[in-house]
Structures are given as C-alpha cells and as structure tokens.
Amino acid sequence: MERTLIIIKPDGVARCLTGKIVQRIEDKGLTITKMVKTTLETPKVEAHYAHLKDRPFFSDLVAYMTTGPVILLEVTGENVIQVMRNLAGPTDSCKAPAGTIRGDFGTSVTQNVIHASDSVEAAESELQRFF
Ligand code: IDP
Ligand code: MG
C-alpha cells in the first residue's frame, strides 16, 4: 500500500467542489486516511513549491495557495500516487482531458483545483510537512 498527499486548492474549496472530488477518490476504491481543513501559511507553501521558486509565476502561485482554506488529504491505496495523478490530469486545466478532475473543474494553469504528489519521495516529505 502506498500513500499520497492531495490538496484541494483554494479555488476547489471556494467553489464547493470538495464533495465531488472526495467522491471521485472513493469511487476509485482509494481510502481517505486523513482529512483536514486549514488555511496554509506562506512559508509552508514556499517550501512545498521550492522547485518552482525561479519561475515567473511563483509569487502568484504562493498568493493563490494562501487566499483561502484548503483541504489536506492523505489518500491510501495500491499505486495511489500514479492513480491520483491520473485522476487529477495534466497541470494545465485547459489542456486536461474531460473526465479528469482538472479537465472537468479547473479554470486555468494555476487554478487547477488539486495538488497530487508525484513520487514516493515527494509524497512522504509532503505528508510530513502538512500533517
Ligand atoms: P503539478 O501540480 O501538475 O505537479 P507543477 O509543475 O508541480 O505541476 O506546478 C505546481 C503548480 O504550479 C501547478 O499545479 C499550478 O498550480 C502552478 N503552475 C505550474 N505551471 C504553471 C505555469 O506555467 N503558470 C502558472 N502556474 C503554473
Ligand atoms: Mg508537481
């Protein structure tokens, strides 16, 4: 069994998409093992996205992630990291196929509704950071 960190980002929470996203995760047979609503503080978001700190959109990204509450989820299941990346879809909501969370609900490349860890190492360090 693997575990991953999912964040329902501020746009997802503000647009009342939490129930729909949780439903998709459970419909896929994955288990939500932790779930917390919180508002993220700037230093944690900066650490989470440290790999993007030299990109021109970094300050907008950090501002967006701290604008309102998020839902933090630990999701557990077989190959859950890859399965959740598949459910999320590609980063850019405008290019993400219909049927994916970002394709169905995301509105831009930044406002793409959810975060999903992209490797075992990332998942473990992100779960430690946020829980
Ligand atoms: P991922 O969330 O699909 O793993 P990353 O490249 O790790 O994508 O980027 C982290 C987050 O930064 C994205 O989910 C998105 O919110 C934002 N982002 C990524 N690329 C861009 C961009 O080119 N312009 C604006 N925001 C971006
Ligand atoms: Mg990423």
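Counting from 1, the numbers follow the sequence of the chain as shown. Just follow the structure's listing: the first ligand is 1, and inside any ligand the first atom is 1.
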Considering non-hydrogen atoms of the protein only, which is the closest contact for [atom], and what is the distance?
| atom | result |
| --- | --- |
| atom 1 (P) of ligand 1 | Thr91 OG1, 3.6 Å |
| atom 7 (O) of ligand 1 | His51 NE2, 3.5 Å |
| atom 23 (O) of ligand 1 | Phe57 CE2, 3.5 Å |
| atom 2 (O) of ligand 1 | Arg102 NH2, 3.0 Å |
| atom 15 (C) of ligand 1 | Val109 O, 3.3 Å |

Contact partition for [X] relative to ligand 1, non-hydrogen atoms under 4.0 Å:
| X | result |
| --- | --- |
| Leu61 | side chain |
| Leu52 | side chain |
| Met65 | neither |
| Asp92 | neither |
| Gln111 | neither |

Kindly say whether [Y] contributes a backbone atom to a donor-acceptor pair with the side chain of [X] at under 3.5 angstrom?
| X | Y | answer |
| --- | --- | --- |
| Arg3 | Leu127 | no |
| Glu2 | Ile81 | yes |
| Asp104 | Ala98 | no |
| Thr31 | Thr33 | no |
| Arg85 | Ala116 | yes |
| Asn112 | Asp92 | no |

Is it the case that one hydrophobic cluster holds both Leu73 and Phe105, taking links as side-chain heavy atoms less than 4.5 Å apart, direct or via other members?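 Shared cluster, yes.
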What about [X]: any of its N or O atoms under 3.5 Å from an N or O on ligand 1?
| X | value |
| --- | --- |
| Tyr49 | no |
| Thr110 | yes |
| His115 | no |
| Tyr64 | no |

Contact between [X] and [Y] at the side-chain level, heavy atoms closer than 4.5 Å - yes or no?
| X | Y | result |
| --- | --- | --- |
| Leu40 | Phe130 | yes |
| Leu61 | Arg55 | no |
| Thr4 | Ile6 | yes |

His48: heavy atom below 4.0 Å from ligand 1, yes or no?
no
Open item on the list: Yes or no: does Asn112 have any heavy atom under 4.0 Å from an atom of ligand 1?
Closed with: yes
Check: Do other residues, nucleotides or ligands put more than 12 heavy atoms under 6.0 Å from Arg129 CZ?
Finding: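 Count over threshold, so yes.
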Ligand 1 to Arg85, heavy atom cutoff 4.0 Å, flagged ligand atoms 1 (P), 3 (O), 4 (O)
